[in-house]
Structures are given as structure tokens and as C-alpha cells.
Undergrad: 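Structure below; questions to follow.
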Amino acid sequence: MYSVVKTSSLALCFIGFIFVSTRAEFFTAISDVEPLLETHIKIIEDLEEYIEKEEKRISILKRHLKVYQTEHEKAMEDIPNYLGNPINAFTLIKRLTTDLEFIEKKIEIGTEYIKNISIISDDDYIQYPSLEDLTGAAQALTRLQETYHLDVNDLAEGILNGVIYRDESTPVSDDQSITIFTSMNSDDCYELGKVLYNEKDYKNALAWMQLALKKYPNDDELYNFTDVDILEYISFCHYLLGDLKNALNWTKKLLILDPFHDRAMGNIPHYRDALFKKQYDLSNKIRGDTGQPTVDTNEEAEKPKEPTKYEKERKVYESLCRGEMEIPRAISKRLTCRYLTENHPFLRLAPIKMEYVYLSPDIVVFHDVLNEDEIFEIMMMARPRFRRATVHDPKTGELVPAHYRISKSAWLKDEESPFIENLSRRIADFTGLSMVSAEELQVVNYGIGGHYEPHFDFARKQESAFENFNGNRIATVLFYMSDVAQGGATVFTELGLSVFPQRGDAVFWLNLHPSGEGDLATRHAACPVLRGSKWVCNKWIHQGGQELIKPCDLEYQSEGIIRPLPRPLMKKTFR
């Protein structure tokens with residue numbers, strides 16, 4: 001594509017060379033003038049060729065402009081809804097990184113006009129994502145694929161977990177809001193595959209490259225790559241995944257399109273040699289014509305590899321995120337809900353709806369404890385302070401970014417706003433705990449496929465954390481500030497419990513046993529956000545100040561969080 005501009009420039013240079021370099025006395029004889037007609041037709045041909053290529057270049061730029069305009073118009077109709085779709089978010093980042101680089105190459109960089117337009121502007125108010133953002137968005141889509149078992153073909157067409165999102169249509173489910181979505185084209189799939197390839201995620205890179213090839217025949221003039229490039233990625237992904245036969249076959253398909261492709265010509269003998277060696281090594285394990293293995297027939301077949309502890313937990317975590325697990329009947333039949341009126345006299349006037357979602361350890365959901373004004377104020381205060389969320393390094397105790405926690409967070413102090421101060425007082429009321437040693441309110445917004453893998457909120461003995469706080473984290477209060485269309489559950493991997501976000505609700509649990517030991521059953525995670533934007537805020541409460549409220553004892557697990565005097569149980573009538 002870039003060669004079009006280069007060739008056109010050369011054509012103009014050639015024309016200029018004719019005018020300035022060929023000087024003779026043509027006027028002195030008609031016979032000398034006649035050959036100029038050949039020059040004349042040459043100029044016509046060169047100009048026609050130049051104009052044709054320029055028109056093609058401008059046509060491509062106009063088509064890119066149309067894509068930008070169309071997607072921007074759709075986004076502005078409902079920004080949260082549009083960007084809540086992970087494909088739209090990925091595409092937006094791609095438009096402002098690799099696509100923009102392609103457009104810049106199409107434009108004759110160097111003119112005074114181009115220097116002043118926003119494509120290459122140094123204006124501090126104009127923000128551009130980086131290639132790191134593009135990589136993060138690509139990895140997020142892969143995370144969603146694997147967690148929610150999404151097919152790449154469905155994902156590219158806007159089908160998320162069985163719900164269809166596309167242009168000017170409503171999802172299949174009647175209870176879902178309208179979502180605007182633009183299907184991914186071959187260029188989008190190719191760029192996604194290329195990013196994953198560079199990250200050495202060859203399995204997922206292969207799937208996206210195959211889809212890029214499938215979509216390639218449409219609008220190929222917009223692309224800065226060819227089907228040969230796609231085939232090369234596909235063949236080499238097969239090779240890196242150990243599939244030599246398919247690597248060889250796809251390379252042969254590449255050579256049909258481009259018989260003189262240097263790398264493909266060099267790879268063919270390499271693949272053949274590797275395939276022959278693999279088959280030869282396999283044949284050495286076979287004895288004679290019987291087809292029996294060379295190992296002793298009495299030897300037991302090799303047992304399947306035992307999954308690691310991480311792999312076992314990962315399987316449970318993903319199942320919980322998909323909502324596929326239910327808590328045991330022995331526990332669920334004992335779960336209750338009621339109005340909380342104890343802990344503080346004010347609760348007798350304004351009782352709080354509480355629901356037990358698990359017992360021993362007790363996990364409680366308090367309903368409607370955060371109102372719309374508070375949510376808005378907290379969001380507005382947090383936005384300008386957002387920074388990449390961090391975790392405690394278990395060795396140093398320092399806060400550091402981590403790949404297993406993808407979100408941005410901000411910290412708000414009670415004295416900064418009456419909203420924050422009132423919220424802390426309310427937490428003290430419904431938990432019955434002191435806020436003397438509580439941490440500041442943490443506000444979190446999860447990004448594309450945002451998540452936080454299984455972890456404990458308390459610090460284990462071998463970890464150097466919370467040295468500046470009075471004791472360990474005794475309890476966690478997690479507020480949901482937004483509904484999430486799909487995904488984003490809080491899951492407890494040791495309990496088999498999934499809690500899905502409901503705007504205005506809060507989840508509460510104790511992290512420590514009465515003895516002060518960490519409760520391993522409270523290991524939990526934030527599932528990737530499949531569609532929507534997940535906002536939460538949380539308060540971590542420490543041991544300091546709880547000496548008379550929750551005194552330590554030697555019991556490993558005694559009574560639960562809130563155990564009032566016996567009273568008749570109430571059914572779930574308030575939801």
C-alpha cells in the first residue's frame with residue numbers, strides 16, 4: 001500500500017525531469033516537433049496512472065474515515081453501553097493504534113497541513129492508546145474466551161454467551177438493553193491474532209488468524225496485509241504448536257498464492273525433515289509388524305498427568321464465573337434473609353435488608369445500602385485519581401501492579417466528603433465493627449475483561465503486609481456500584497459460591513477466625529467482566545479497635561458474623 005504513494009511521487013519526479021532536463025531548438029524544424037507527441041502521450045499516461053493511484057489512495061482514506069465516523073456515531077448514542085462490549089473497546093483501541101499508523105502512511109506526511117491536524121498532534125488534551133493497551137485488550141478477549149467458553153466466530157459477530165449484540169437490534173434476551181455492535185472484519189481479527197502471536201499465545205493466535213482468512217475476501221483494499229501474510233502466521237502457529245503436518249500443508253497453500261515466497265520455500269524442507277524425524281522416532285517405538293510397543297507389556301499405561309493445585313482451582317473459578325455451580329443443599333436450605341435492626345439504635349428506625357448467602361463462614365449480602373447520589377459522588381471523586389490497581393508483594397510488602405488484577409482504583413478519605421463519612425458510619429452500623437483502624441474507601445473500575453484472580457484479603461504469616469495498620473484485615477465490605485450485564489461475579493472458590501453484582505448492594509464477610517488466624521475458606525476472586533462496566537468500592541476493616549467487639553479466643557470457627565437473639569425466620573419477601 002505504501003508503495004502506491006512512493007510510485008506516484010516517482011512519476012511526478014519523472015515528469016519534472018522531462019521539463020527541466022530536455023532542452024533543444026524544436027521550433028526550428030517541424031520534424032523535430034513530431035517526436036514531442038510521444039512525450040505528450042507519455043505525460044498523459046503518467047498523469048492518468050498517478051491520478052488513478054491517488055484516487056485509489058483517497059478512496060481508501062475515505063473508507064477509513066467512514067468507518068471512524070460510523071463507529072463514533074454509534075458510540076456517542078450510548079457510550080457506557082457501547083464500550084461495555086469488549087469487542088467495541090478492543091476495536092476502538094485498535095483504531096487509534098495500528099489503524100492510525102496505517103492511515104498516517106497513506107497520507108503524504110510532510111506538508112504543512114498534515115503537521116497541524118490531530119493525527120500527529122502533540123496536544124496534551126488528545127489522548128492516544130499505546131501498543132501496550134492493544135496487547136492488554138487482546139489478552140482480555142482471550143481471557144473472556146477461555147473463562148466463558150466463547151467461540152471466536154461468535155465473539156467476532158457480537159454473540160456473547162449466547163446473547164446477540166449487533167447493529168440496531170436488541171439482544172435475544174428481552175431483559176437486556178439495546179447494544180450497538182460492529183462485527184469484526186478481517187483486519188481486526190488479523191491484528192488480534194498478531195498481538196497474541198507476539199505474546200506467544202499461539203493457540204488463540206491460530207484461531208483468530210483462521211477467522212481473519214475466512215473474512216479476508218471482503219473489503220481487502222482496506223488492509224495493509226495480504227492473505228499470504230495470514231497463511232504464513234497460520235502455518236507457523238501450527239509448527240510452534242507441534243503440528244508439523246498442518247504446518248507443511250498450510251505452507252504449501254501459501255506457495256500456491258506466492259510461489260517465490262522466500263521464508264515459505266525455506267520452511268518446506270525444514271518441516272519435511274522434522275516430520276520425517278518425528279515419524280521415524282515413532283516407528284522405533286513399534287516392534288516388528290505386530291504393532292506392539294517396545295515397553296514391557298506388563299507395564300501399566302502411563303497415567304494421565306495429575307492437575308496442579310492451580311489448575312484445579314482455575315477450573316472451579318471458571319465454572320463459578322459461568323454460574324455453573326450451586327452450593328450444597330444442606331447449606332442452601334438453611335439460608336435466610338431478614339431485616340437487621342440490632343447493632344445500632346438507628347437501625348430500629350431504618351432497618352437494613354440482609355441475606356445470608358453462605359454459612360460457616362457467613363457471607364452476607366446487605367441490600368440497598370448505597371443510594372444513587374452516593375454512587376454518583378463516589379464515581380466523580382474517584383475518576384481523576386484512578387491509577388492501575390496494585391497488590392501487596394508478599395516478599396517486600398510493597399504495592400505493585402500484577403497481571404492477575406486488571407482494574408484501576410482510587411482511595412477516598414472520610415474527611416474529603418460527607419458522603420464518604422456517612423458511608424463509613426453506615427458500615428459501622430450494619431457490621432457492628434469499629435472503623436478506627438479501617439482503610440480508606442477503595443473505588444475500583446474494571447477494564448476490558450477486568451478481573452482479579454483468587455486471593456485472600458488477609459495477610460498470611462509469611463507475608464510482609466499491613467505493617468502500617470493496626471492488625472490484620474478482620475473483615476471485608478464490598479459495595480456494588482453498578483449492575484453488570486454479563487460476568488463480573490464475586491466468587492468464593494473454596495465454598496463454590498457465586499455472588500453476582502447488584503447495584504447498591506454490599507457483600508460482607510470476616511476474613512479471620514476468632515483466634516486471629518486467616519480463614520482459608522474466604523479465598524475469593526472477581527470474575528472477568530464479559531459485557532458492561534463494573535464499579536465497586538470496598539472497605540477493609542482491621543483488628544485494631546475490635547478488642548471488645550470481636551474479642552479473640554482459641555476457637556477455630558465459632559459463631560458467625562451476626563447472630564442475634566432467636567427470632568422467627570423470614571422468607572425472602574423484600575426482593
Undergrad: Just jot down the ring pair (Phe, Tyr, Trp, His ring centres under 6.0 Å) partners of H542, sequence neighbours excluded, or say none.
TA: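 Applying ring pair (Phe, Tyr, Trp, His ring centres under 6.0 Å) to H542 gives F466, F469.
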
Undergrad: Only counting residues at least two apart or in another chain, list the ones meeting side chain to side chain donor-acceptor pair (under 3.5 Å) with E101.
TA: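 By the side chain to side chain donor-acceptor pair (under 3.5 Å) rule, E101 matches no residue at all.
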
Undergrad: Can you tell if the side chain of V364 reaches within under 4.5 Å of the side chain of W509, non-hydrogen atoms only?
TA: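 No, their side chains stay 4.5 Å or more apart.
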
Undergrad: Is R425 salt-bridged to E421, going by a charged N under 4.0 Å from an acidic O?
TA: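 A salt bridge links R425 with E421.
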
Undergrad: I'd like to know whether W540 forms a side chain to side chain donor-acceptor pair (under 3.5 Å) with E440, so could you lay out the CA-CA distance, the side-chain angles of the two residues, the decisive distance to 0.1 Å, and finally the verdict.
TA: CA-CA 8 Å; W540 281 308; E440 297 171 4; over 6 Å; no

Undergrad: Which heavy atom in W208 sits nearest to a heavy atom in A156, and how many Å separate them?
TA: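 It is CZ3-CB, 4.1 Å.
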
Undergrad: When rounded to the nearest 0.5 angstrom, what is the spacing between CG in D201 and SG in C237?
TA: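 Answer rounded to 0.5 Å: 9.0 Å.
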
Undergrad: Could you tell me whether D99 and K94 make a salt bridge, using a distance below 4.0 angstrom between a side-chain N and a carboxylate O?
TA: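 Between K94 and D99 there is a salt bridge, with a charged N closer than 4.0 Å to a carboxylate O.
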
Undergrad: Could you grab the distance from atom CD of Q139 to atom CG of L134, nearest 0.5 Å is fine?
TA: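 So the gap between those two atoms works out to 10.0 Å.
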
Undergrad: Salt bridge check, D188 against K215: does any charged N sit closer than 4.0 Å to a carboxylate O?
TA: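 Judged by the 4.0 Å cut-off on N to carboxylate O distance, K215 and D188 do not form a salt bridge.
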
Undergrad: Counting N and O atoms only, with roles assigned by atom type, does the side chain of S409 sit under 3.5 Å from a partner on the main chain of Q442, one being a donor and the other an acceptor?
TA: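 Here the side-chain-to-backbone pair does not exist.
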
Undergrad: Taking ring pair (Phe, Tyr, Trp, His ring centres under 6.0 Å) as the test, write out the residues that go with Y190, two or more places apart.
TA: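 F225, Y233.
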
Undergrad: For D151, give me all partners under side chain to side chain donor-acceptor pair (under 3.5 Å), at least two apart in sequence or on another chain.
TA: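 Checked D151 against side chain to side chain donor-acceptor pair (under 3.5 Å); matches are N153.
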
Undergrad: Run the numbers on T142 and L196 for side-chain contact (heavy atoms from CB on, under 4.5 Å), then give the verdict.
TA: CA-CA 9 Å; T142 300; L196 295 173; 3.3 Å; yes

Undergrad: Donor-acceptor check, side chain of R503 to backbone of D483, threshold 3.5 angstrom: yes or no?
TA: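 No, R503 side chain to D483 backbone: no donor-acceptor pair under 3.5 Å.
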
Undergrad: Could E71 and R95 be called an ion pair, given the rule that one side-chain N must be under 4.0 Å from one carboxylate O?
TA: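 Counted as a salt bridge, because a side-chain N and a carboxylate O are separated by less than 4.0 Å.
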
Undergrad: Testing the basics here: between L520 and E494, what is the closest heavy-atom pair and its distance to 0.1 Å?
TA: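 Closest approach of L520 to E494: O-CG, 3.6 Å.
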
Undergrad: Check the pair N88, T91 against side chain to side chain donor-acceptor pair (under 3.5 Å), reporting the backbone distance first and the verdict last.
TA: CA-CA 5 Å; N88 290 341; T91 304; 5.4 Å; no

Undergrad: Using 30° and 60° as the class limits, which term best fits the ring planes of H238 and W250: parallel, tilted or perpendicular?
TA: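 Parallel, since the angle between the ring planes stays under 30°.
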
Undergrad: Residues two or more places apart in sequence or in another chain: which of them pass side chain to side chain donor-acceptor pair (under 3.5 Å) with K312?
TA: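 Scan of K312 (side chain to side chain donor-acceptor pair (under 3.5 Å), adjacent residues dropped) gives E306.
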
Undergrad: Using the rule given for side-chain contact (heavy atoms from CB on, under 4.5 Å), can you reason through Y197 versus L240, listing the C-alpha separation, both sets of side-chain angles and the distance that settles it, and then say yes or no?
TA: CA-CA 10 Å; Y197 177 89; L240 292 169; 3.8 Å; yes

Undergrad: Output yes when R314 and E318 qualify as a salt bridge under the 4.0 Å nitrogen-oxygen rule, no when they do not.
TA: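 Answer for the salt bridge query: yes.
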
Undergrad: Report yes or no: does R426 contribute a side-chain atom to a donor-acceptor pair with the main-chain N or O of V369 at less than 3.5 Å?
TA: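 Yes: the side chain of R426 pairs with the backbone of V369.
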
Undergrad: Could you give the distance from CG (D505) to CG (L370), rounded to the nearest 0.5 Å?
TA: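 The CG atom of D505 sits 9.5 Å away from the CG atom of L370.
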
Undergrad: Is there side-chain contact between K62 and K66, with heavy atoms separated by less than 4.5 Å?
TA: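 Sidechains of K66 and K62: no contact.
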
Undergrad: Quick one, M379 and V443 - any side-chain contact, counting heavy atoms below 4.5 Å?
TA: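 No - every pair of side-chain heavy atoms lies 4.5 Å or more apart.
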
Undergrad: Between E355 and R338, is the closest basic N to carboxylate O distance under 4.0 Å?
TA: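 A salt bridge is absent here (no side-chain N lies under 4.0 Å from a carboxylate O).
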
Undergrad: Ring centroid separation for F386 and W535, is it under 6.0 angstrom?
TA: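 F386 vs W535: aromatic centres under 6.0 Å.
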
Undergrad: Considering only heavy atoms from C-beta outward, does the side chain of M481 approach that of V536 to under 4.5 Å?
TA: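 No; the side chains remain at least 4.5 Å from each other.
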
Undergrad: When rounded to the nearest 0.5 angstrom, what is the spacing between NZ in K539 and CD1 in I541?
TA: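 Those atoms lie 8.5 Å apart.
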
Undergrad: Any donor-acceptor pair under 3.5 Å linking the side chain of H455 with the backbone of E453?
TA: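 Indeed, once roles are kept as given, a pair shorter than 3.5 Å links the two residues.
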
Undergrad: Would you find a donor on one side and an acceptor on the other, under 3.5 Å apart, between the side chain of S186 and the backbone of A212?
TA: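 A pair under 3.5 Å: yes.
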
Undergrad: Checking side chain to side chain donor-acceptor pair (under 3.5 Å) between D457 and each of T476, T522, N538, which is the one that passes?
TA: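 Testing each of T476, T522, N538 against D457, the sole residue satisfying side chain to side chain donor-acceptor pair (under 3.5 Å) is T476.
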
Undergrad: Quick one: closest heavy-atom pair of C527 and Y148, and the distance?
TA: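 In this case the closest contact between C527 and Y148 is CB-OH, 3.7 Å.
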
Undergrad: Let me see the working for V316 and V491 under side-chain contact (heavy atoms from CB on, under 4.5 Å), right down to the final yes or no.
TA: CA-CA 10 Å; V316 172; V491 298; over 6 Å; no

Undergrad: Given the rule in the side-chain contact (heavy atoms from CB on, under 4.5 Å) test, do V507 and F479 qualify, once you have shown the distances and angles that lead to the verdict?
TA: CA-CA 7 Å; V507 189; F479 292 91; over 6 Å; no

Undergrad: Of all the heavy-atom pairs spanning L144 and P528, show the shortest one and how long it is.
TA: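 Smallest interatomic distance, heavy atoms only, reads CD2-CB, 3.7 Å.
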
Undergrad: Given side chains that start at C-beta, do those of L335 and I327 come closer than 4.5 Å, heavy atoms only?
TA: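 Yes - at least one pair of side-chain heavy atoms lies under 4.5 Å apart.
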
Undergrad: Grab the two heavy atoms, one from A526 and one from K534, that are nearest each other, plus how far apart they are.
TA: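 Of all heavy-atom pairs spanning A526 and K534, the closest is CB-NZ, 3.8 Å.
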
Undergrad: Please give me the minimum heavy-atom distance between E157 and S183, naming the atom from each residue.
TA: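 Answer, listing the atom of E157 first, then S183: OE1-OG, 3.0 Å.
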
Undergrad: Please indicate whether E311 has more than 12 foreign heavy atoms, meaning atoms of other residues, nucleotides or ligands, lying under 6.0 Å from its CD.
TA: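 More than 12 heavy atoms, drawn from other residues, nucleotides or ligands, come within 6.0 Å of this atom.
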
Undergrad: Compare all side-chain heavy atoms of L441 with those of I378 and state whether any distance is below 4.5 angstrom.
TA: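 Yes, at least one pair of side-chain atoms sits under 4.5 Å.
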
Undergrad: Hey, are the side chains of N511 and D519 touching, using non-hydrogen atoms and a 4.5 Å cut-off?
TA: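 They are not in side-chain contact.
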
Undergrad: What is the distance from atom CG of L65 to atom NE2 of H72, rounded to the nearest 0.5 Å?
TA: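 Taking CG in L65 and NE2 in H72, the distance rounds to 12.0 Å.
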
Undergrad: Look only at the side chain of S482 and the backbone of S533, and say whether a donor-acceptor pair between them is shorter than 3.5 Å.
TA: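 Such a contact is found between S482 side chain and S533 backbone.
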
Undergrad: Which of parallel (below 30°), tilted (30 to 60°) and perpendicular (above 60°) describes F458 and F456?
TA: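 Judged by the thresholds at 30° and 60°, the geometry between F458 and F456 is tilted.
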
Undergrad: Do C189 and M209 have side chains that get closer than 4.5 Å, going by heavy atoms?
TA: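 Not in contact.
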
Undergrad: Ignoring hydrogens and angles, tell me if any N or O in the side chain of D243 forms a donor-acceptor pair with the backbone of L241 under 3.5 Å.
TA: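 Not at all, since once roles are kept as given, no pair shorter than 3.5 Å links the two residues.
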
Undergrad: If only atom types and distance count, is the side chain of R531 paired as donor or acceptor with the main-chain N or O of L160 below 3.5 Å?
TA: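 Not a single qualifying donor-acceptor pair exists.
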
Undergrad: Would you call the rings of F492 and H524 parallel, tilted or perpendicular, taking 30° and 60° as the class edges?
TA: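 Rings of F492 and H524: tilted, as their planes differ by 30° to 60°.
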
Undergrad: To the nearest 0.5 Å, what is the distance between CG (L213) and CD1 (I234)?
TA: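 Between L213 CG and I234 CD1, I get 4.5 Å after rounding to 0.5 Å.
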
Undergrad: Just jot down the side chain to side chain contact (heavy atoms under 4.5 Å, CB included) partners of L92, sequence neighbours excluded, or say none.
TA: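 Applying side chain to side chain contact (heavy atoms under 4.5 Å, CB included) to L92 gives L83, L96.
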
Undergrad: Is it true that the side chains of Y480 and T490 contain a donor and an acceptor less than 3.5 Å apart?
TA: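 Judged by distance alone, the side chains do pair up.
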
Undergrad: With a 6.0 Å cut-off (strictly less than), is the heavy-atom count around CD of E146, excluding the residue itself, greater than 12?
TA: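 Result for CD/E146: enclosed.
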
Undergrad: Give a yes or no on whether the backbone of Y82 and the side-chain of N85 come within a donor-acceptor separation of less than 3.5 Å.
TA: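 Flag not set: sc N85 to bb Y82 has no pair under 3.5 Å.
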
Undergrad: For P418, does its backbone N or O pair with a side-chain atom of N422 as donor and acceptor, under 3.5 Å?
TA: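 Present.
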
